[in-house]
A.B. asks: 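Sharing a structure, written as structure tokens. Questions coming.
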Amino acid sequence: MMKRSSVNNARALFDIPREICYLNAASWSPLPIATQEAGRAGVARKGQPWLIDPAHPAAQYERARRAAARLINADADDVALISSVSYGVATAAKLMTVPAASRVLVLENDHSSAVLEWTTRAAAGRFTVEVVPRPAAGDWTTAVLAAIERPGASPVGLASISSVHWSDGGAVDMDRVAAALRRQGAMLLVDATHAAGVMTIDVRSLDPDFLVFPTYKWLLGPYGRAFLYVAKRRQDGVPLEQTSYGRRAITSERESYYCDTEFVAGARRFDMGERDHFISLEMASIGMEMMAQWGCDAVQGRLRVLTARLADGLRDGGVTIPDAALRAPHILSLHFPTGMPARLIERLAAEQIYVAPRVGRVRISPHVYNDEEDIDRFVATFRRLACS
């Protein structure tokens, strides 16, 4: 039975010693104790497969699908079980055609999954990939809107962008971007890696063509588990992989194996091959369910308090910090006008404080297991090391 806890005192749900100051959820989160226990039980189950209830795998598929759908206000029928963001983007690329002579918009230094699929396909598809430069003031929304509406430019065929930039935590107002794209009849693929579970996402109102997110960061889950939302208008295509369960009736339990090879309806046809990895599916479900129980408002509110405390403590500390109105509430990036101090990340780690260097900045990403003691310790140690 999973223990309930307030989002303000969730540290007890994790195996994090008090001396560890882990502020790096945007790289990978620790697994909750309940998730670790589910993983061990799943491994033991696979160790004695003759004891597995035949109904168990299907129950796990649908539990995870429902949990993922809940985070983005989607119908479970519109969510596919996949392995990674790159798998989701590759699936999307197979399901839509970018018009020749149009533009595909990506963010400068956005994560590779949402970018490289299109740079690889550009020559054959006769479209161009336009990189939206990092805005000096950190206002990604204005920069993207300006790129969409740039006078004299070719029409936009697709925007393939993260809703929160992985390196600096810059937030994109996806509602405004989606509206601008619709005016041009352009498609939208959203990498919601750093938004799902923390920031409110409603695919019913946003209406992207595709939205994808993994579980191993903010959703407190394992590697190798991700989810792809596919708009109903995109669900008639051919999946990336051909599987028996993507068809209506291919079953080893009947005398005729290929009874009906028509595709199943909805996004289930796009489920990855070997989705039967029910060990990690249950682990992913637990993390997503925990986040949903707390709710975006509570999680976001708590993390905003922590990042605001960080920002206040680091003012006049020789770094520049994006304005709170332009960044996500759960990620804070520090820019060093004269360059990052030598071996800063390693010196922090030597004192059991863990953050990440990202594109010339220090990225700090607390989660629900962090508290004010972690924040104050980071500020004091950073000030001492950065000035030494």
A.B. asks: What do the steps show when you test Asp75 against Arg66 for salt bridge (Lys or Arg N to Asp or Glu O under 4.0 Å), and what is the final call?
C.D. replies: CA-CA 8 Å; Asp75 291 330; Arg66 287 192 302 270; over 6 Å; no
A.B. asks: Output yes when a side-chain donor or acceptor of Arg347 lies under 3.5 Å from a complementary backbone atom of Leu385, and no otherwise.
C.D. replies: yes
A.B. asks: Could you pull out the closest heavy-atom pair between Leu281 and Arg275, with the gap in Å?
C.D. replies: CD1-O, 3.7 Å
A.B. asks: Count I, L, V, M, F, W, Y as connected when their side-chain heavy atoms are under 4.5 Å apart, and connections chain through other members. Are Val264 and Val230 then in the same cluster?
C.D. replies: no
A.B. asks: Looking at Glu274, I want to see if its CD is surrounded by more than 12 non-hydrogen atoms of other residues, nucleotides or ligands under 6.0 Å.
C.D. replies: no
A.B. asks: Which atom pair, heavy atoms only, marks the closest approach of Asp15 to Gln36?
C.D. replies: CB-NE2, 4.1 Å
A.B. asks: For Asp374, is there any backbone N or O sitting under 3.5 Å from a side-chain donor or acceptor partner on Asp371?
C.D. replies: yes
A.B. asks: Taking the ring centre of each residue, are His194 and Trp166 less than 6.0 Å apart?
C.D. replies: no
A.B. asks: To the closest 0.5 Å, what do you measure between OG1 (Thr200) and CG (Leu206)?
C.D. replies: 12.0 Å
A.B. asks: Side chains of Asp139 and Leu326: closer than 4.5 Å at any heavy-atom pair?
C.D. replies: yes
A.B. asks: Does the cation-pi check pass for Arg103 over Phe127, that is, NZ or CZ under 6.0 Å from the six-membered ring centre and within 45° of its axis?
C.D. replies: no
A.B. asks: Is any side-chain heavy atom of Leu240 less than 4.5 Å from a side-chain heavy atom of Leu95?
C.D. replies: no
A.B. asks: Is a side-chain donor or acceptor of Ser280 paired with a backbone partner of Met283 at a separation under 3.5 angstrom?
C.D. replies: no
A.B. asks: Once you round to the nearest 0.5 Å, how far does CG of Asp191 lie from NE2 of His165?
C.D. replies: 10.5 Å
A.B. asks: Please list all pairs meeting ring pair (Phe, Tyr, Trp, His ring centres under 6.0 Å) that have one or both residues in residues 52-75, counting only residues at least two apart or in different chains.
C.D. replies: His56-Phe278
A.B. asks: For a quick test of reading the model, state the closest non-hydrogen atom pair linking Ser167 to Arg134 and the distance between them.
C.D. replies: OG-NH2, 3.1 Å
A.B. asks: Distance only, no hydrogens: is a donor on one side chain within 3.5 Å (strictly under) of an acceptor on the other, for Ser27 and Arg363?
C.D. replies: yes
A.B. asks: With a 6.0 Å cut-off (strictly less than), is the heavy-atom count around NZ of Lys46, excluding the residue itself, greater than 12?
C.D. replies: no
A.B. asks: Taking Glu241 for its side chain and Gly273 for its backbone only, find out whether a donor-acceptor pair lies under 3.5 Å.
C.D. replies: yes
A.B. asks: Is it true that Glu373 and Arg18 make a salt bridge, defined as a side-chain N closer than 4.0 Å to a carboxylate O?
C.D. replies: yes
A.B. asks: With sequence neighbours excluded, give me every ring pair (Phe, Tyr, Trp, His ring centres under 6.0 Å) pair touching residues 303-347.
C.D. replies: Trp218-His330
A.B. asks: About how many Å separate CG of Asn370 and OH of Tyr22, when rounded to the nearest 0.5 Å?
C.D. replies: 10.0 Å
A.B. asks: With rounding to the nearest 0.5 Å, note down the distance linking CD1 in Ile375 to SG in Cys21.
C.D. replies: 7.0 Å
A.B. asks: Are Val89 and Leu107 grouped together when hydrophobic residues (ILVMFWY) are joined by side-chain heavy atoms under 4.5 angstrom apart?
C.D. replies: no
A.B. asks: Just wondering, more than 12 heavy atoms not from Arg384 lying within 6.0 Å of its CZ?
C.D. replies: yes
A.B. asks: Within a strict 4.5 Å, meaning less than it, do heavy atoms of the Leu145 and Arg176 side chains meet?
C.D. replies: yes
A.B. asks: Can you list the steps and then say if Arg150 with Glu130 is a salt bridge (Lys or Arg N to Asp or Glu O under 4.0 Å)?
C.D. replies: CA-CA 12 Å; Arg150 182 159 54 85; Glu130 180 176 322; 2.7 Å; yes
A.B. asks: When you look at Arg183 and Glu149, which way does the salt bridge (Lys or Arg N to Asp or Glu O under 4.0 Å) test go after all the steps?
C.D. replies: CA-CA 10 Å; Arg183 287 194 291 270; Glu149 297 165 352; 3.1 Å; yes
A.B. asks: Same cluster for Tyr223 and Phe213 if Ile/Leu/Val/Met/Phe/Trp/Tyr side chains link at under 4.5 Å?
C.D. replies: yes
A.B. asks: Determine, stepwise, if the pair Arg204 / Asp207 fulfils salt bridge (Lys or Arg N to Asp or Glu O under 4.0 Å).
C.D. replies: CA-CA 5 Å; Arg204 297 173 196 268; Asp207 193 27; over 6 Å; no
A.B. asks: Taking all non-hydrogen atoms of both residues, which atom of Leu220 and which atom of Met291 are closest, and how far apart?
C.D. replies: CD1-SD, 3.9 Å
A.B. asks: Does the distance from a Lys or Arg side-chain N to an Asp or Glu carboxylate O, for Arg247 and Asp260, drop under 4.0 Å?
C.D. replies: no
A.B. asks: Please check if any side-chain donor atom of Gln235 sits under 3.5 Å from a side-chain acceptor atom of Asp78, or the reverse.
C.D. replies: yes
A.B. asks: Evaluate the side-chain proximity of Ser163 to Met174: yes if any heavy-atom separation is below 4.5 Å, no if none is.
C.D. replies: yes
A.B. asks: Is the backbone N or O of Ala25 less than 3.5 Å from a side-chain atom of Lys217, with the two atoms forming a donor-acceptor pair by type?
C.D. replies: no
A.B. asks: Ala76 and Arg65: which non-hydrogen atoms are nearest, and at how many Å?
C.D. replies: O-CD, 3.1 Å
A.B. asks: Has Gln184 got a side-chain atom pairing as donor or acceptor with Ile148's backbone, closer than 3.5 angstrom?
C.D. replies: yes
A.B. asks: Is a side-chain donor or acceptor of Ser160 paired with a backbone partner of Ala114 at a separation under 3.5 angstrom?
C.D. replies: yes
A.B. asks: Please tell me if the side chains of Leu306 and Glu372 come closer than 4.5 Å, counting only heavy atoms from C-beta onward.
C.D. replies: yes
A.B. asks: Grouping I, L, V, M, F, W and Y whenever their side-chain heavy atoms are under 4.5 Å apart, do Met187 and Phe270 come out in a common cluster?
C.D. replies: yes
A.B. asks: Measure the acute angle between the ring planes of Phe382 and Phe378, then classify it against the limits of 30° and 60° as parallel, tilted or perpendicular.
C.D. replies: parallel
A.B. asks: Output yes when Arg268 and Asp77 qualify as a salt bridge under the 4.0 Å nitrogen-oxygen rule, no when they do not.
C.D. replies: yes
A.B. asks: Report yes if the side chains of Asn73 and Ile201 come closer than 4.5 Å at any heavy-atom pair, otherwise no.
C.D. replies: no
A.B. asks: Below 4.5 Å, heavy atoms only, C-beta onward: do Pro322 and Ser333 meet side chain to side chain?
C.D. replies: yes
A.B. asks: Could you check whether atom OH of Tyr258 has more than 12 heavy atoms from other residues, nucleotides or ligands sitting under 6.0 Å from it?
C.D. replies: no
A.B. asks: How many angstroms lie between OG1 in Thr381 and CD1 in Ile353, if you round to the nearest 0.5 Å?
C.D. replies: 3.5 Å
A.B. asks: Between the main-chain N or O of Pro239 and the side-chain N or O of Gln242, is there a donor-acceptor pair closer than 3.5 Å?
C.D. replies: yes
A.B. asks: What are the two closest heavy atoms between Ser162 and Asp110, and how far apart are they?
C.D. replies: OG-OD1, 2.8 Å
A.B. asks: Should Val212 and Leu181 be counted in the same cluster of Ile, Leu, Val, Met, Phe, Trp and Tyr side chains packed under 4.5 Å apart?
C.D. replies: no
A.B. asks: Taking side chain as C-beta onward, heavy atoms only, is Leu31 less than 4.5 Å from Phe14?
C.D. replies: no
A.B. asks: Calculate, to the nearest 0.5 Å, the distance between atoms CG and CZ belonging to Asp297 and Arg302 respectively.
C.D. replies: 15.5 Å
A.B. asks: Give the intermediate values and the outcome of side chain to side chain contact (heavy atoms under 4.5 Å, CB included) for residues Leu189 and Trp118.
C.D. replies: CA-CA 12 Å; Leu189 185 154; Trp118 311 111; 4.2 Å; yes
